[in-house]
Amino acid sequence: MSGETQFDVQEVSPSYWRVTFSNGEINLIDPDTIEQLAELITRIERAPELTVVVFRSADPDFFMAHYDMLADRSRVAAMKPAASGLHPYADNVYRLVRVPAVTVSEINGRTRGAGSEFALATDIRFAGPGAILGHFEVGVGSVPGGDPTGRLARMLGRGRALEILLGADDFPADLAERYGYVNRVLPDGELEDFVDGFARRIAGFDRTAVRETKSLVDAVTEPPVEEFGAALSAFFRTSGRPENAHRVERLLDAGLQKRDGAELDLGRRVGTPPGA
């Protein structure tokens with residue numbers, strides 16, 4: 001594994017961890033993220049007293065922006081399958097859903113594409129009033145790879161899942177809450193304290209009761225392993241095709257992956273016709 005540590009783990013207590021993500025200018029997900037997240041998930045799985053994990057961002061404007069569209073594709077393609085038989089990216093999402101501990105996303109700022117896939121893989125999502133979620137992949141000619149097709153359809157229903165995925169637009173916090181994309185939106189300045197209080201409450205409960213309750217809910221709500229492999233295979237087949245290069249290039253020219261460019265209103269940018 002190379003690169004700086006992206007996941008800072010604070011062990012608040014044996015039963016409660018707080019994990020803060022930080023990676024570059026806007027918290028992009030890249031090949032290092034895939035490798036480091038795999039190690040973190042293993043660490044969570046092997047922590048016998050752990051009951052709840054909160055995931056948060058060091059950047060108030062970006063929770064996890066999306067996958068780095070300029071990352072080394074060959075490195076990702078060459079990654080060896082995990083024990084599940086899945087590619088490590090799909091395996092991370094699949095395993096994160098199923099860790100025994102309760103996982104909570106504390107979402108400030110923007111999270112789209114792979115960032116949204118990460119948040120959807122956590123059990124509970126709380127957001128600040130400025131949060132923005134979405135899936136823009138179809139707008140650049142790709143199929144989403146981390147199975148938001150399965151997660152969103154189960155959580156929100158078929159119509160709303162298709163609206164999010166095919167519309168490729170931004171969903172501000174209030175609309176995301178109304179759809180069930182996030183559990184609730186907290187007033188400005190209250191998100192961190194609320195999530196910390198919620199996590200401490202769960203951490204104080206009997207660990208066996210928490211874990212077995214979560215397991216029963218998972219048994220009737222979570223996609224099977226085959227869905228994760230199929231989704232990522234579809235992503236690899238569709239992403240990076242030459243006929244869609246102009247879509248990505250136009251976004252990069254408009255400041256994609258920069259703090260002050262297209263990332264601020266990516267949903268609108270994706271849906272703007274060339275030359276408009």
Side-chain angles (χ1 to χ4, degrees), residues 23-35 37 64-82 85-94 110-121 132-153 158 161-171 223 225-258 261-276:
N23 186 32
E25 186 178 2
I26 62 166
N27 274 1
L28 290 170
I29 296 170
D30 60 23
D32 285 344
T33 314
I34 297 172
E35 295 175 354
L37 181 57
M64 287 182 165
H66 51 76
Y67 194 77
D68 184 353
M69 300 182 73
L70 300 176
D72 183 355
R73 295 173 61 87
S74 63
R75 178 180 168 192
V76 175
M79 290 180 174
K80 295 181 179 179
L86 295 170
H87 182 279
Y89 179 83
D91 184 71
N92 282 347
V93 182
Y94 174 73
R110 299 159 179 81
T111 187
R112 304 177 176 107
S116 171
E117 290 168 355
F118 177 92
L120 289 170
I132 295 173
L133 299 89
H135 279 273
F136 66 97
E137 294 96 318
V138 167
V140 294
S142 299
V143 172
D147 198 34
T149 45
R151 300 301 314 286
L152 286 170
R158 183 174 184 272
L162 288 172
E163 179 187 351
I164 292 169
L165 296 166
L166 300 183
D169 206 348
D170 287 340
F171 277 71
V225 64
E226 295 80 11
E227 280 191 21
F228 292 86
L232 193 60
S233 294
F235 171 78
F236 284 144
R237 286 196 310 271
T238 57
S239 66
R241 289 176 292 156
E243 58 265 38
N244 289 302
H246 67 286
R247 302 179 191 274
V248 177
E249 290 169 1
R250 181 167 58 87
L251 291 172
L252 289 170
D253 289 342
L256 185 70
Q257 307 197 166
K258 297 179 180 178
E263 296 290 345
L264 299 179
D265 60 346
L266 187 53
R268 182 186 68 82
R269 299 275 189 169
V270 167
T272 302

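- The shortest heavy-atom contact between Leu256 and Ala262 is N-CB, 3.9 Å.
- Contacts classified as salt bridge (charged side-chain N to carboxylate O under 4.0 Å, His left out) and involving residues 137-152 (residues at least two apart or in different chains) are given here: Arg151-Glu222.
- Using a distance-only test at 3.5 Å, with no hydrogens or angles considered, a donor-acceptor pair links the side chain of Asn23 to the main chain of Leu28.
- Val76 has its side chain within reach of Tyr67: a pair of non-hydrogen atoms, C-beta onward, lies under 4.5 Å apart.
- Put simply, the side chain of Thr111 gets close to the backbone of Ser116: a donor and an acceptor are under 3.5 Å apart.
- Remark: the backbone N or O of Ile34 is paired with a side-chain donor or acceptor of Asn92 at under 3.5 angstrom.
- Between Arg268 and Asp265 a salt bridge is recorded (basic side-chain N to carboxylate O distance below 4.0 Å).
- Between Phe228 and His87, the ring centre distance reaches or exceeds 6.0 Å.
- Salt bridge present: Asp32 and Arg75 bring a charged side-chain N and a carboxylate O closer than 4.0 Å.
- Between the side chain of Arg247 and the backbone N or O of Asn244, no donor-acceptor pair lies under 3.5 Å.
- Evaluated for a side-chain hydrogen bond (donor to acceptor under 3.5 Å, both in side chains) with Glu263, the options Lys258, Gln257, His66 yield exactly one hit, His66.
- Between Met79 and Glu35, some side-chain heavy-atom pair lies under the 4.5 Å cut-off.
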Check step by step if side-chain contact (heavy atoms from CB on, under 4.5 Å) holds for Met69 and Leu251. CA-CA 11 Å; Met69 300 182 73; Leu251 291 172; 5.9 Å; no
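- Asn27 places no side-chain N or O within 3.5 Å of a backbone atom of Met64 that could act as its donor or acceptor partner.
- A distance-only check finds a donor-acceptor pair linking the side chain of Arg241 to the backbone of Gly141 [under 3.5 Å].
- For Thr33 (side chain) and Asp30 (main-chain N/O), a donor-acceptor pair under 3.5 Å exists by modelled atom type.
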